[in-house]
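Reading through the structure tokens given below for one structure.
Indexing begins at 1, ligand by ligand and atom by atom, following the structure's order.
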Amino acid sequence: MTDKTAPQTWTVDVQGYSLDLPIVPINPDFAISLMMVIDLGVKFGEHIGRCLAEQIAPLQPDIIVGPATLGIPVAIEVTRALGLDKYVVLQKSPKLHLSDALEYKLTSITSKGEQRLLLDRAAIPLIKGKRVVVVDDVVASGSSLKAALELVRQAGGEVVGAGVILTEAQEWRKTLGEDVNHLVSVAHIPQFAPDENGNWQPIAGT
Ligand SMILES: O=P(O)(O)OC[C@H]1O[C@H](OP(=O)(O)OP(=O)(O)O)[C@H](O)[C@@H]1O
């Protein structure tokens, strides 16, 4: 049995950047490894921006869209690496100016309860009729990315791609359906179940 005071970690190679991610239980039989992109520094941000931009540039996007919260730094860094300027954030907090926003409901793997993704109507001109790539930090169940893609389409955008730093397990394939073909990523992480000693082990096939 490992020391329960020290969290187990999972090491992932993000195209040359090795990260030791803490393994965090969701319940006694299931755990995920957690990447907090906002805690990894500006060099990592620049790195993943470049990695994703290399794959996204051939799609010739006009605009990058990222869902709050952890999709925001990804959207900024990919936008910067592509040499674009504007980007669009899909918000989760219903701020005053968002009372009339386009809306899509979702639940993600890491956040409890139902959330809403909101698209400020003032941002519609940046999306309508434009080639759009949606980015996020991680795709797991796929519901956050699906919500973002649906909102972009509601706003009249043409989704030409989607990009994440990490794909997690496989459930997102079912959720995203044909949009799986649009997805690029930098690295993959599995999900975890306890072995007979109570140590987290990757679940086969995830
Ligand atoms: O594929 P999914 O199951 O939807 O999981 C992935 C999403 O979960 C996390 O966001 P979270 O909902 O925790 O919100 P946050 O970015 O505001 O922390 C992450 O940033 C992705 O957006």
Side-chain angles (χ1 to χ4, degrees), residues 10 12 14 17 19 21-27 29-41 44-45 47-49 51-52 56 64-79 87-95 98 101-120 132-154 159 161-193 202-203 205-206:
W10 178 255
V12 59
V14 184
Y17 237 95
L19 300 180
L21 304 178
I23 296 179
V24 179
I26 301 285
N27 63 49
D29 298 318
F30 178 67
I32 61 173
S33 59
L34 206 56
M35 178 184 69
M36 289 298 289
V37 65
I38 48 174
D39 294 337
L40 295 174
F44 181 73
H47 175 69
I48 56 95
C51 293
L52 283 170
I56 288 169
I64 301 297
V65 172
T69 310
L70 299 176
I72 299 175
V74 185
I76 292 173
E77 293 300 344
V78 172
T79 299
Y87 54 90
V88 174
V89 170
L90 304 176
Q91 300 268 12
K92 284 183 180 158
S93 3
K95 304 209 186 305
L98 294 173
L102 299 187
E103 181 182 313
Y104 196 96
K105 292 195 168 61
L106 72 135
T107 48
S108 86
I109 196 159
T110 42
S111 296
K112 293 200 175 86
E114 193 178 76
Q115 306 185 62
R116 286 181 304 164
L117 216 49
L118 303 165
L119 171 55
D120 185 355
V132 181
V133 171
V134 175
V135 298
D136 205 349
D137 58 337
V138 178
V139 65
S141 74
S143 71
S144 304
L145 199 53
K146 183 182 166 61
L149 294 170
E150 292 303 326
L151 269 182
V152 165
R153 289 180 174 130
Q154 265 186 53
V159 173
V164 294
I165 307 170
L166 299 178
T167 52
E168 175 180 330
Q170 306 293 337
E171 193 187 336
W172 49 273
R173 292 183 187 279
K174 216 168 37 201
T175 313
L176 293 182
E178 289 195 353
D179 281 323
V180 162
N181 303 322
H182 285 307
L183 186 68
V184 299
S185 59
V186 188
H188 181 81
I189 50 173
Q191 292 173 336
F192 304 87
I203 301 170
T206 65

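- Within the 4.0 Å heavy-atom cutoff, Ser143 counts among the residues contacting ligand 1.
- With a heavy-atom cut-off of 4.0 Å, Asp136 touches ligand 1 through its side chain alone.
- Ser144 and Leu117 make their closest contact through O-CD2, 4.0 Å (heavy atoms, listed as atom of the first residue, atom of the second, distance).
- Using a distance-only test at 3.5 Å, with no hydrogens or angles considered, no donor-acceptor pair links the side chain of Asp179 to the main chain of His182.
- Considering backbone and side-chain N/O atoms, Leu70 comes within less than 3.5 Å of an N/O atom of ligand 1.
- Side-chain atoms of Thr79 never come within 3.5 Å of backbone atoms of Ile64 as a donor-acceptor pair (strictly under, hydrogens ignored).
- Taking every non-hydrogen atom of Thr69 and a distance limit under 4.0 Å, the qualifying atoms of ligand 1 come out as 15 (P), 16 (O), 17 (O).
- Distances below 4.0 Å separate heavy atoms of Val139 from the following atoms of ligand 1: 1 (O).
- Pairing each heavy atom of Gly163 with each of Val133, the nearest pair is N-CG1, 4.4 Å.
- The aromatic rings of Phe44 and Tyr17 sit perpendicular to each other, their planes meeting at more than 60°, with 30° as the lower class boundary.
- The shell of residues lying under 4.0 angstrom from ligand 1, judged by heavy atoms, excludes Pro67.
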request  = Decide yes or no on side-chain contact (heavy atoms from CB on, under 4.5 Å) for Leu19 and Met35, but give the supporting numbers first.
outcome  = CA-CA 8 Å; Leu19 300 180; Met35 178 184 69; 3.9 Å; yes
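- Of all atoms in ligand 1, numbered sequentially from 1 with element shown, those under 4.0 Å from a heavy atom of Ser141 are 1 (O), 2 (P), 3 (O), 4 (O).
- Contact of the Leu145 side chain with the Leu183 side chain is registered, since non-hydrogen atoms from C-beta on lie closer than 4.5 Å.
- For the ligand labelled ligand 1, residue Leu145 lies outside the 4.0 Å heavy-atom shell.
- Residues Asp136 and Pro67 share a closest heavy-atom pair of OD2-CG, 3.4 Å.
- Heavy-atom contacts of Val138 reach the following atoms of ligand 1: 6 (C), 21 (C) (cutoff under 4.0 Å).
- Residue Asp137 has at least one heavy-atom neighbour below 4.0 Å for each of these atoms of ligand 1: 19 (C), 20 (O), 21 (C), 22 (O).
- Proximity of Gln115 to ligand 1 is established by a heavy-atom distance of less than 4.0 Å.
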